[in-house]
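Read the structure below first, then the notes.
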Amino acid sequence: MGNTASAQKGGASGQSATNYAAIIQSASFQELLRRKKAFILPSSIFFFVFYFTLPILTSYFTVLNTKAFGAITWAWVFAFAQFIMTWGLCILYTRRARQFDALVEKIKQETGGK
């Protein structure tokens, strides 16, 4: 049951099968999961709260109907800020992904993976 078709095929061609159970239990892999969770969970919560605040505030409250400057209300400022927030989170994740990639390379070196 532990042998999959791909592992059997890899073993038949002279290549050693990757021991995924050992990789999952390794300290480096656990560190990778911990760091990714520590970044992705708070970022996702922030994104959803920030994103859904605009429709909730405009539907049930009048706080964003006041003028920010000129004829532009705070609702338009908040809506534009959502674009900035989305780009900011994308840039931040791209930078953080480099650290995740470095951890993946470390795991691959430790396990002899390709």
Side-chain angles (χ1 to χ4, degrees):
M1 180 176 221
N3 294 333
T4 62
S6 62
Q8 291 171 353
K9 183 179 177 183
S13 66
Q15 298 174 347
S16 63
T18 304
N19 187 355
Y20 291 108
I23 293 171
I24 291 170
Q25 294 173 356
S26 72
S28 297
F29 186 78
Q30 293 300 319
E31 177 70 13
L32 173 66
L33 290 181
R34 186 189 64 74
R35 286 188 183 190
K36 285 184 82 170
K37 185 190 286 185
F39 175 76
I40 292 173
L41 187 63
S43 298
S44 298
I45 291 169
F46 171 76
F47 173 81
F48 282 113
V49 168
F50 194 87
Y51 180 80
F52 285 110
T53 299
L54 178 63
I56 290 170
L57 287 178
T58 57
S59 297
Y60 300 107
F61 303 99
T62 59
V63 68
L64 296 180
N65 293 342
T66 59
K67 294 185 180 199
F69 46 90
I72 299 173
T73 64
W74 285 107
W76 286 103
V77 173
F78 196 105
F80 182 71
Q82 288 189 344
F83 286 98
I84 296 169
M85 180 267 310
T86 302
W87 279 96
L89 282 177
C90 289
I91 292 167
L92 189 61
Y93 180 77
T94 302
R95 290 181 181 167
R96 189 65 61 98
R98 290 184 194 125
Q99 295 173 3
F100 300 151
D101 290 343
L103 282 171
V104 169
E105 289 301 319
K106 180 181 174 187
I107 293 167
K108 286 168 57 176
Q109 288 176 356
E110 289 175 353
T111 60
K114 296 180 182 179

ask   = Given the rule in the side chain to side chain contact (heavy atoms under 4.5 Å, CB included) test, do L64 and T73 qualify, once you have shown the distances and angles that lead to the verdict?
value = CA-CA 7 Å; L64 296 180; T73 64; over 6 Å; no

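- Residues I56 and F46 are members of one and the same hydrophobic cluster, defined by side-chain heavy-atom contacts under 4.5 angstrom among Ile, Leu, Val, Met, Phe, Trp and Tyr.
- From T111, atom OG1 reaches atom CG of N19 across 9.5 Å, with rounding to the nearest 0.5 Å.
- Under a 3.5 Å cut-off, the side chain of T58 and the backbone N or O of P55 do form a donor-acceptor pair.
- Hydrophobic clustering of Ile, Leu, Val, Met, Phe, Trp and Tyr side chains at less than 4.5 Å, counting indirect connections, unites L54 with F48.
- Note: the hydrophobic cluster containing V63 also contains F52 (ILVMFWY, side chain heavy atoms under 4.5 Å, direct or indirect links).
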Without placing hydrogens or testing angles, list every side-chain donor-acceptor pair under 3.5 Å for residues 20-34, not counting sequence neighbours.
| unit_1 | atom_1 | unit_2 | atom_2 | d |
| --- | --- | --- | --- | --- |
| S26 | OG | I23 | O | 2.7 |
| S26 | OG | F29 | N | 3.3 |
| S28 | OG | E110 | OE1 | 2.8 |
| S28 | OG | E110 | OE2 | 2.9 |
| Q30 | NE2 | I24 | O | 2.5 |
| E31 | OE1 | R34 | NE | 3.3 |
| E31 | OE1 | R34 | NH2 | 3.3 |
| E31 | OE2 | R34 | NH2 | 2.7 |
| E31 | OE2 | R35 | NE | 2.7 |
| E31 | OE2 | R35 | NH2 | 3.4 |

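- For residues 60-79, the pairs satisfying ring-ring contact (aromatic ring centres under 6.0 Å, His included) are F50-F78, with sequence neighbours left out.
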Identify all side-chain donor-acceptor contacts of residues 90-107 below 3.5 Å with residues at least two apart in sequence or on another chain.
| unit_1 | atom_1 | unit_2 | atom_2 | d |
| --- | --- | --- | --- | --- |
| T94 | OG1 | C90 | O | 2.8 |
| E105 | OE2 | K108 | NZ | 3.4 |

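- Within 6.0 Å of the OH atom in Y51, the count of heavy atoms belonging to other residues, nucleotides or ligands does not exceed 12.
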